[in-house]
Structures are given as C-alpha cells and as structure tokens.
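See structure below.
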Amino acid sequence: MEIKKGIAVSPGISIAKSLIIDSEDYRIPRREIKPSQRLRETQRIRNAFRDAIEELTQLEAQQNQAEGGKIKDIFAVHLRFLRDRSLRKKITDLIHLELVTAEYAVSTVLREIAAHFSSVKDSYISERAADIYDIERRLLRQLLGKRREEVENLSEELVIIARELSPTQTASFDKKFVKGIATDAGGRTSHTAIVARSLGIPAVVALEDLTEIVHGGDTVIIDGNRGIVIVNPDDGTIRQYEKYSHEFAELEHKLDAIREKPAVTRDGTKITVLGNIEFPDEAELIVQKGGEGIGLYRTEFLYLSSPTEPTEQQHYEAYAETVRVLQNKPVVIRTFDLGADKHTQSKRFAPEPNPFLGLRSIRFCLQNLMMFKTQLHAILRASLLGNVKIMFPLITNHQELMQAKMILRDVMEDLDDESIPYNRNIEVGIMIETPSAALTASTLARDAAFFSIGTNDLIQYTLAVDRGNELVSTLYSATDPAVLRLIRTVIQDAHKAQIGVGVCGEMASEPDYVMLLLGLGVRTISITPPMIPEIKQIIRSVTIEDCNDVARKVLSMNSERQISNFLRNAARKILPEAF
Ligand code: PEP
Ligand code: MG
C-alpha cells in the first residue's frame with residue numbers, strides 16, 4: 001500500500017481498478033505486467049508497427065518527388081527502420097523477459113539505439129538520433145492513441161491515472177465508468193480540474209510521480225476530499241474508506257434537502273447563487289441543486305468537443321437548450337475563451353511560447369472575427385428565448401471592450417438586415433481576470449453592464465503563477481493580500497458605478513471563502529453546481545455583520561498563510577460537518 005498526497009480538486013471518494021494513460025510528451029515510466037498479459041502487449045506492438053508503417057507509407061506517397069524529395073527520403077528511411085524485424089524482436093523480447101508494458105519497451109529500446117547513434121563521432125550518423133526519436137514518438141502515438149480510444153469505450157468502472165489530461169479528454173469521459181481521476185500534473189483551477197468537478201468525478205491532481213508508482217489494474221482509492229490517493233490499499237483501509245464514502249454520500253443527500261430554500265443570510269440579505277457550466281446538459285443539475293441561474297457558461301467547450309468548428313445553428317441549439325432548461329432564470333453566456341490550455345481538437349493554434357500570455361480569449365476573438373461573429377449571431381438569436389446575457393472574457397483594457405462591443409453592434413445590424421428578432425437591450429458584461437482590468441475597473445464600468453470576477457485567472461496573473469503547473473501550486477492562492485486588494489477594488493468600483501458584480505472563479509465555490517466574499521460586498525456568486533447546496537447552507541448560517549467582521553480582519557492581515565488559517569477556522573465553526 002502506498003499513500004500519495006496531492007491537491008483535492010473534485011470531491012468524493014472512489015475505489016476501483018486503475019487505467020493508466022501515458023503521454024508521448026513525457027518519459028514513459030517502467031511499469032510491470034503480469035505474465036498472462038505478455039501476449040496482449042506483443043499484439044499491441046504488432047498493431048502499432050502495422051499502423052505506423054501504413055501511416056508512413058501514405059505520407060511518403062503524398063510527397064511529390066520534385067518538391068518533397070528530401071522529405072520522401074526521410075520517410076523512406078523511417079519505413080526501412082520500422083520494417084526491420086530485429087527491431088521488433090528486441091522490443092518484444094524486452095516485454096517477455098522483463099515483463100514490462102509495450103510503451104515502456106518501445107521507449108527503452110528506441111532510446112538505447114538513439115543514444116548509441118548520438119555517441120558516434122561521425123556527424124551524419126549522430127544526427128540520425130533525431131530520426132529514432134521521431135520513430136519512437138510515432139509508435140507511442142499509435143499505442144497511446146488506441147488506449148485513449150479504449151477509454152472512450154469503457155465497459156467497467158475504473159479510475160484514470162495520467163501524467164496530465166486535457167480539458168477535452170476529461171470532458172469526453174463516460175461518467176458511468178470513470179469513477180475517479182488522479183494526475184501527476186495540474187492545479188486546483190486548471191480546466192481539467194474544473195471539468196472533473198462539473199462532471200462530479202472525484203479527482204486529485206499534482207501527485208508528481210503517481211504514474212511511476214501505479215500499474216494498470218492496481219486497486220486505487222481516490223479521496224477527492226482530502227487530496228489523497230492510495231495505491232493497493234489493504235483490506236482495513238478499503239473498509240474504512242467504504243464507510244467514509246457512505247457517510248459523505250449521506251451528508252450530500254442531507255444538503256440537497258436545502259435546495260428549495262433561498263440563499264438568505266440569517267439577518268435577511270439575499271445572495272444570488274448561480275452555477276457554472278461547460279455543456280448544456282449540465283444546466284439541469286443547476287436547477288436540481290437549487291441554483292438560480294447560470295453565471296458562467298464556458299462556451300469554448302463547444303469547440304473542444306467537436307472535431308470541426310461549430311456552425312451557427314449548433315451554437316444556437318446549445319444555447320436554446322440551456323435557456324429552455326433555465327426558463328426565465330438568467331443565463332450568462334461567456335463568448336468563447338479558447339487558447340492557453342484550451343485548444344480545439346484540430347490544434348488550429350500554432351504553439352506559442354507563453355500561451356497564457358498569448359493569443360487567448362477575447363484577443364483571439366478580435367483577430368478571428370468570422371468565428372466571433374458566428375457565435376454572437378447565435379447568442380443574439382437565442383436571446384429572445386429567456387434571460388440571456390453576454391459576457392466577454394479576459395478584457396485587459398477599455399479599448400478591447402469597445403472593440404468587442406462594436407463587433408456585437410455589427411452583428412446586431414446584420415440581424416436587423418436579415419429581419420431576425422433579438423433582444424436589443426441584452427446586458428453585456430465582462431470578466432475581470434487581470435490586474436489591469438481590476439485596476440481600471442472604474443473606467444470599464446462605464447461600458448459594462450456587470451462584472452464577474454474570474455479569480456482563477458486573476459490569481460494567476462496577479463501572482464505570476466501558472467494555474468495548471470503543479471511545481472508552483474503552493475504559490476497559487478486566493479488569499480494572497482494582493483489578490484484580495486484587487487478584488488476589493490473591483491467590488492468598490494462596481495458599487496460606485498452601480499453595476500452588478502459577482503465572482504465566478506473557483507474561489508466562490510470554496511466553503512472557506514464565502515464569508516470573506518460576502519464581507520467584501522459580493523452579493524452574486526456563480527459556482528460549480530455540485531457545491532451549490534453546501535455554499536447555500538453556509539450563507540444561511542451567517543450574518544452579514546459576521547462576514548463584514550471577517551473581511552475587516554482579513555484585510556488587516558499581511559500574510560497569505562495567516563489569512564487562510566483564519567478563514568478555515570471561521571468556516572469550520574459555521575459548518576463543521578463539511579470538514
Ligand atoms: C476564471 O478565470 O476565474 C474563470 C472563471 O474563467 P476560466 O476558469 O474558464 O478561465
Ligand atoms: Mg478565466
């Protein structure tokens with residue numbers, strides 16, 4: 001039994017056999033197999049070679065001799081190498097003798113050959129090492145690609161273990177069979193974590209070397225409440241966890257009972273509790289959990305879950321479905337926020353050296369007007385079906401907001417020309433996700449109907465900490481005094497300008513921070529749907545006076561550690577059973 005501690009990102013407990021998804025971008029860890037699995041692994045090798053040869057043959061045939069003679073020669077060399085029977089034999093021998101996975105055997109044998117080539121003095125030969133690495137990656141892509149297909153067609157319950165997962169991969173998991181997720185990489189507000197939480201799959205990230213410890217088929221406990229993963233637990237631990245899991249389910253059930261009750265503090269202040277979604281089918285959960293609308297619809301997942309760009313009609317159908325479920329409750333549709341860690345499947349974005357500081361979000365929209373206008377057209381059409389609002393992400397300055405609004409006006413004119421009706425008075429708000437936006441909130445408030453503070457990005461840009469990087473995850477904190485001062489500024493400026501202000505980052509879904517946010521003046525939050533009952537319960541247990549007192553004390557503190565300890569203790573007093 002081995003116990004690993006990471007970051008809890010999605011609550012719940014799961015106990016199941018593991019399935020490991022390796023990545024060709026990272027070293028494949030040595031992982032042993034049972035003797036009975038040897039045949040299966042060698043069969044996988046045969047298939048991977050067959051498919052890689054087929055792929056290369058096609059690529060070679062597509063090269064025109066005149067233009068691509070050199071490339072054709074490279075493909076020919078790779079093909080000769082792959083057809084060499086002694087290479088395949090070396091790999092399968094390793095599987096048989098050392099009982100290792102197909103991926104590990106491919107990687108080890110090819111890297112040995114590459115190292116041998118590199119050590120030769122002749123530069124022509126030493127440069128061939130790059131070709132060997134290329135062949136290694138091609139074979140690994142075949143092996144891992146098949147594994148990913150397996151994940152899409154599961155027939156038994158299991159937990160997924162990976163170095164890292166993309167938000168798209170996570171979103172494609174079948175909740176019926178994927179009972180838990182644990183990754184080496186990631187942070188609390190990485191989009192993969194957010195998707196796991198929305199799907200209600202228990203997850204722990206930032207486990208550093210978990211993939212090197214677990215073998216496929218090992219029993220694994222994922223404790224998404226405490227951030228613990230236990231590999232091959234003993235019988236006593238399994239029993240203890242089964243009991244704990246049962247108790248946790250009971251608590252959730254008890255909390256669900258408050259869904260009909262309003263989110264009002266003990267001294268009568270009404271708080272609006274909305275939910276965040278990535279897909280239209282999550283809208284129903286918000287209603288079930290007692291949410292009062294959608295405060296953040298991450299529409300980029302429409303692009304992430306489809307191999308082609310969604311058409312205007314597909315946009316419209318997704319929004320119409322969502323709005324119908326919510327009836328007349330508000331639905332804040334955030335225009336697509338692609339880039340950084342969210343790429344379309346066709347990877348249409350060229351890799352960028354600093355993707356979080358690059359062409360992401362509204363910047364991407366403003367450079368790809370056709371795509372942007374297609375979405376705005378659909379949102380406007382859907383605006384007549386209910387209470388739809390538009391929200392622009394990652395606005396960093398006033399000019400950007402004016403540009404985005406100008407595009408929206410252009411689309412409105414197009415709709416007028418086409419005689420298509422829409423809500424002319426649709427509210428247009430923005431996310432405050434960068435220090436520059438927070439510090440110029442008073443200017444932005446002139447042209448925004450509301451603000452929604454995206455703390456996930458605001459923290460990363462204020463503290464210069466990548467939200468998905470486990471190496472710096474301890475530096476990522478909502479309670480850093482710099483972050484809190486920016487949040488306070490935004491709220492004060494919104495109040496002065498008399499526009500709405502809410503928080504839709506993960507900070508608002510954390511029981512520890514509810515009192516602080518209310519004390520800072522927040523009256524609207526948009527949170528991950530499974531947390532709605534718990535957060536509502538906390539709201540119903542406090543008075544605004546208590547919250548103001550908490551906020552006053554916190555703002556007088558200078559240390560992140562002191563603030564988070566103080567808030568944790570305050571929250572524990574309010575709802576002890578949640579801890
Ligand atoms: C945020 O940044 O806080 C936010 C809500 O947007 P996302 O998590 O999608 O980047
Ligand atoms: Mg964001």
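Computed from a predicted model, the values in this text were never measured in an experiment. Residue numbers run from 1 in the order of the sequence given. When a ligand or atom number is given, it counts from 1 through the structure's own listing order. Heavy-atom basis, side chains included; hydrogens, waters and symmetry copies ignored.
The N, O or S atom of Asp457 lying closest to the Mg ion (ligand 2) is OD2.
Classification of the Phe336-Phe364 ring pair by plane angle, with boundaries at 30° and 60°, yields perpendicular.
The nearest pair of heavy atoms linking Ile194 to Thr189 is CD1-O, 3.6 Å.
Within the 4.0 Å heavy-atom criterion, neither part of Gln460 lies near ligand 1. The residue Asn276 has no part lying near ligand 1, judged by heavy-atom distances below 4.0 Å. When heavy-atom distances to ligand 1 are checked against a 4.0 Å cut-off, Leu296 comes that close only through its side chain, counted from C-beta outward. Proximity of Met507 to ligand 1, defined as any heavy-atom pair under 4.0 Å, is not found for any part of the residue. Neither the backbone nor the side chain of Met391 has any atom closer than 4.0 Å to an atom of ligand 1 (non-hydrogen atoms only).
Geometrically, ligand 1 and Arg298 share a nitrogen or oxygen pair separated by less than 3.5 Å. Residue contacts with ligand 1: Glu506 is placed with no nitrogen or oxygen under 3.5 Å of a nitrogen or oxygen of the ligand (distance criterion only).
By the 6.0 Å contact criterion, NZ on Lys5 is enclosed, its count of non-hydrogen atoms from other residues, nucleotides or ligands being greater than 12. Annotation: Met402, atom CE; neighbour count of heavy atoms from other residues, nucleotides and ligands within 6.0 Å is above 12.
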- Task: For side chain to side chain contact (heavy atoms under 4.5 Å, CB included), just list the numbers for Met371 and Thr374, CA-CA rounded to whole Å, side-chain angles, deciding distance to a tenth of an Å, and then say yes or no.
- Result: CA-CA 5 Å; Met371 235 168 125; Thr374 301; 5.7 Å; no
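Taking backbone and side-chain atoms together, Glu433 has an N/O/S atom less than 2.8 Å away from the Mg ion (ligand 2).
For atom 2 (O) of ligand 1, the closest non-hydrogen atom of the protein is Glu433 OE1, 2.7 Å. At the top of the distance list for atom 6 (O) of ligand 1, counting protein heavy atoms only, stands Arg334 NH1, 3.0 Å. Nearest protein neighbour of atom 7 (P) of ligand 1, counting heavy atoms only, is His191 NE2, 3.2 Å.
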